[in-house]
Amino acid sequence: MATTQPETYLEDLNPAQREAVLTTEGPLLVVAGAGSGKTRVLTRRIAHLLAAVGAKPPEILAITFTNKAAAEMRERLEDLVGPPARAAWVMTFHAASGRILRREAPRLGYRTNFTIYDSADQLRLVKRCLEELDRDPKRFTPRGIHSQISNAKNQLIGPAEYASRVSSFYDQTVADVYELYQQKLFSSNAVDFDDMLYLAVDVLERFPEAAEKWQSAFRYILVDEYQDTNHAQYRLLRILSAKHENVFCVGDPDQSVYSFRSADIRNVLDFEKDFPGAKTLTLDQNYRSTNAILESANTVIRHNRERKDKNLWSELGDGEPVRVVEVEDEHAEARYVAAEIALLVEQGYSGSEVAVFYRTNAQSRVLEDVLVRQGVAYQVIGGPRFYERAEVKDLVAYLQVIDNPYDAVSLVRIANRPRRGIGDSTLARLQSYADGQGISLWEATEFAEEAGVGAAPQKAVRAFRTIIESCMSGALELEVPELIERVLEQSGTIAALEAERTIEADGRIENLQELVSDQDAIRGEGSLVTLMTLHNAKGLEFRAVFLIGLEEGIFPHSRSIEEHGVEEERRLCYVGMTRAMEKLTLLHASSRMLYGGRSYNLASRFLDELPEQWVERDQLRPASWSNYGAPKGSVATRENVPTLSAGDSVRHGTLGEGVVLRLEAGGVAVVRFASDGSERRLMLDYAPLEKI
DNA sequence: ACTCATCGATTTTTT
DNA sequence: ATCGATGAGT
């Protein structure tokens with residue numbers, strides 16, 4: 001740290017960026033357009049605080065939304081200032097709130113080892129409440145009720161206040177569930193994700209001595225993606241910054257795409273009002289995209305009414321026009337994208353420099369089919385996540401019960417997993433016995449007989465207790481990886497999965513092993529084309545970007561047209577477009593399969609909003625079957641298609657070297673690749689294959 | 001307690 | 001089309 005000099009961390013900053021780094025005192029809002037170097041500003045600012053302002057690492061609180069963003073920031077910071085950076089609080093809102101809450105929980109009657117319930121746990125708990133209140137599950141879906149409760153917490157509206165504002169029978173049910181739900185959380189010594197913020201704010205607002213402690217601790221607070229903050233997060237910032245008043249928020253209102261999870265754009269728009277004496281800076285020089293891309297994105301976003309005008313510019317030249325392509329249907333769309341990717345790879349692009357974005361996850365399917373067939377190596381970002389996979393959640397639930405046996409949701413989850421003969425009726429008997437005796441479900445498992453449980457399940461319950469108790473004693477003496485192994489072994493999880501003898505079960509075992517073994521080894525595959533939703537694309541950049549499904553009803557999505565209005569969808573479009581550095585292609589299909597039927601959608605309104613002088617439009621009509629879906633003006637089939645036979649060695653543009661196993665009808669070669677041992681079916685006309 | 005069939009919904013996502 | 005949840009049957 002001592003060796004970090006201002007000239008090192010300031011030299012490659014433009015004047016606006018420099019000012020954002022150097023204005024350390026007082027509230028500061030930085031409106032940072034796409035690609036304007038905001039992460040750079042954030043890390044340099046922390047470096048500056050440490051090196052020149054004399055702040056100590058633990059006095060800095062830098063907040064992000066995702067763990068990934070936090071990890072990246074920590075890494076970049078450590079590169080810049082070295083190991084002392086590790087003592088700074090660089091973490092997510094939830095992690096920071098959680099850390100505060102662990103210390104302050106006793107003030108609210110929670111114990112410090114409270115369990116954190118994720119959204120699946122929350123849903124299960126809501127369901128239990130609904131059953132207990134005996135409400136019609138058709139009218140009151142757990143999902144709908146939970147989303148109301150979650151929104152309420154994000155607005156810092158507690159059960160009592162919610163109940164006082166009820167204006168319909170539905171609301172009344174939500175209010176009743178909300179109250180019961182909180183009671184159940186409390187008696188399980190558990191908090192849900194929303195509570196982490198809600199309760200952190202609550203404890204700081206109600207206990208001034210607690211607030212004072214944390215306010216003094218954080219001399220400098222920095223917030224990334226400020227446009228995504230909700231009211232609870234905003235209030236947390238207000239409290240934490242009240243003493244030193246050094247809040248630095250970076251965000252781009254044009255990239256606010258999370259209103260559905262209570263993000264409130266007013267936090268950005270009202271910043272100067274909320275934080276007296278605040279200054280605002282704008283970063284509008286873009287270091288990522290060509291003018292064609294930037295002007296197109298600027299022109300689209302200018303159609304939003306609720307917006308502060310801002311105009312991104314760059315010095316990277318005009319570049320190629322943005323391409324708008326109409327295709328026949330989703331299959332032609334996928335084929336076009338795959339063929340274009342093959343061309344790009346031939347031109348020297350790496351697969352990892354190319355991305356395809358779509359509005360909804362379901363759209364990846366057809367694309368994946370075609371990419372697999374054409375041998376384009378890809379990765380899909382998003383979808384079901386590692387920690388949400390059932391087997392991983394089961395394991396985590398075991399660990400939670402071992403640490404906090406009052407955690408009834410986790411206990412119910414694992415009681416019969418793997419199957420050991422503890423069914424719903426057994427659990428229901430235990431639960432009602434527990435309720436009657438005023439004890440926890442875990443304690444009730446000791447009195448299975450008294451609870452009226454039959455003979456066979458009694459034995460199962462006793463066996464289950466033995467498993468948990470054995471793991472509890474293991475928890476005292478073992479390291480985490482060994483404990484996990486003991487849990488997997490004692491619980492019979494591994495044995496049950498092995499007995500299944502299916503590919504799926506093998507995958508689950510692998511997932512569990514992955515959790516125990518080195519986290520870094522997750523995968524380091526080479527040059528993969530990236531497929532993801534527009535929401536996941538935020539913050540990333542690619543040399544070439546394909547945005548598919550630009551049709552009314554798809555994007556903008558019909559649900560948003562009905563509900564939130566179309567401006568957030570337009571911002572999403574803006575986010576997608578501004579990810580592209582050099583090449584941007586926007587596609588729409590004349591028709592596509594939707595919900596089991598074929599629908600004919602108009603081209604997206606966003607396509608009408610593009611500046612014609614920066615755009616080139618292609619319409620692809622199938623001239624013949626063989627050329628169906630091939631890009632106009634370019635021959636998708638390559639000129640020198642290699643003549644191959646089984647046993648030949650080949651090299652693929654993205655997959656590397658492999659051996660031809662056999663040839664199939666329709667010009668398909670089955671190739672096994674050396675890099676990962678995978679077997680793929682490649683269409684010779686398209687796949688970038690050469691004989692070696 | 002577990003297996004299979006029918007019904008209904010179906011945007012986006014993090015913690 | 002597809003997935004998940006619920007309910008009847010074994």
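The chains referred to below are lettered A, B, ... by the order of the sequence lines, with proteins before strands, and numbering in each begins at 1. The model shown is predicted, which means the values in this text are computed figures rather than measured ones.
Taking atom CG of Leu572(A) as the reference point, atom C1' of dT13(B) lies 12 Å away to the nearest angstrom. Residue Glu225(A) contributes atom CD, which lies 15 Å from atom C1' of dT15(B) at whole-angstrom precision. The CG atom of Asp194(A) sits 10 Å away from the C1' atom of dT14(B) (whole-angstrom rounding). Atom CD of Gln255(A) and atom P of dT13(B) are 16 Å apart (whole Å). Taking atom CZ of residue Arg571(A) and atom C1' of nucleotide dT12(B), one finds them 13 Å apart after rounding to whole Å. Taking atom OH of Tyr258(A) as the reference point, atom C1' of dT13(B) lies 5 Å away to the nearest angstrom. Gln122(A) has its CD atom 15 Å from the P atom of dT14(B), to the nearest Å. Straight-line distance from the CG atom of Leu123(A) to the C1' atom of dT13(B): 15 Å, rounded to whole Å.
Among the nucleotides dT15(B), dT11(B), dT13(B), the one closest to any side-chain atom of Phe260(A) is dT13(B). With dT11(B), dT15(B), dT13(B) as the choices, the nucleotide that has an atom nearest any side-chain atom of Glu569(A) turns out to be dT11(B). Nearest nucleotide to the side chain of Arg365(A), out of dC3(C), dT11(B), dT14(B): dC3(C). Closest to the Tyr595(A) side chain, of the nucleotides dT15(B), dT12(B), dT10(B), is dT10(B).
The closest side-chain heavy-atom distance from Phe542(A) to Thr530(A) is below 4.5 Å.
OP1 or OP2 of dT13(B) has at least one side-chain nitrogen or oxygen of Thr533(A) nearer than 4.0 Å. Considering only side-chain N and O atoms, Asn361(A) lies nowhere under 4.0 angstrom from the phosphate OP1 or OP2 of dT11(B). The side chain of Asn230(A) places no N or O atom within less than 4.0 Å of a non-bridging phosphate oxygen (OP1 or OP2) of dT14(B). In this structure, Lys68(A) does not reach the dT13(B) phosphate: none of its side-chain N or O atoms is under 4.0 Å from OP1 or OP2. Applying the 4.0 Å criterion to OP1 and OP2 of dT15(B), one finds that Asn67(A) has a side-chain N or O inside that range.
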Stepwise ring pair (Phe, Tyr, Trp, His ring centres under 6.0 Å) check, Phe193(A) with Tyr117(A): CA-CA 6 Å; Phe193(A) 275 138; Tyr117(A) 281 5; 9.8 Å; no
Nucleotides 2-7 of chain B: which of its N/O atoms have a protein N/O under 3.5 Å away?
from: dT3(B); atom 1: OP2; to: Arg419(A); atom 2: NH1; distance (Å): 3.2

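Closest approach of Gln233(A) and Asp228(A) over heavy atoms only: OE1-O, 3.9 Å.
Atom P of dT13(B) sits at a distance of 16 Å from the matching atom of dG4(C), rounded to the whole Å.
Every residue two or more places apart in sequence or in another chain was checked for a salt bridge (Lys or Arg N to Asp or Glu O under 4.0 Å) with Glu131(A), and none qualifies. Partners of Glu567(A) under the salt bridge (Lys or Arg N to Asp or Glu O under 4.0 Å) rule, at least two apart in sequence or in another chain, do not exist in this structure. Arg420(A) meets the side-chain hydrogen bond (donor to acceptor under 3.5 Å, both in side chains) test with Tyr398(A); sequence neighbours excluded. By the salt bridge (Lys or Arg N to Asp or Glu O under 4.0 Å) test, Glu205(A) pairs with Arg235(A), sequence neighbours left out.
Lys538(A) comes within 4.0 angstrom of no nucleic acid atom, judged by non-hydrogen atoms across all strands. Heavy atoms of Asp228(A) sit nowhere under 4.0 angstrom from any nucleic acid atom.
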Less than 3.5 Å apart, which donor and acceptor atoms pair up between the side chains of residues 594-601 of chain A and the rest of the protein, not counting sequence neighbours?
from: Arg598(A); atom 1: NH1; to: Ser591(A); atom 2: OG; distance (Å): 2.8
from: Ser599(A); atom 1: OG; to: Arg592(A); atom 2: O; distance (Å): 3.3

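Heavy-atom distances to DNA chain B give each of Glu568(A) and Ile422(A) a nearest nucleotide, and the one nearer the 5′ end belongs to Ile422(A).
Within 3.5 Å, no donor on the side chain of His557(A) pairs with an acceptor on the base of dT11(B), nor the reverse.
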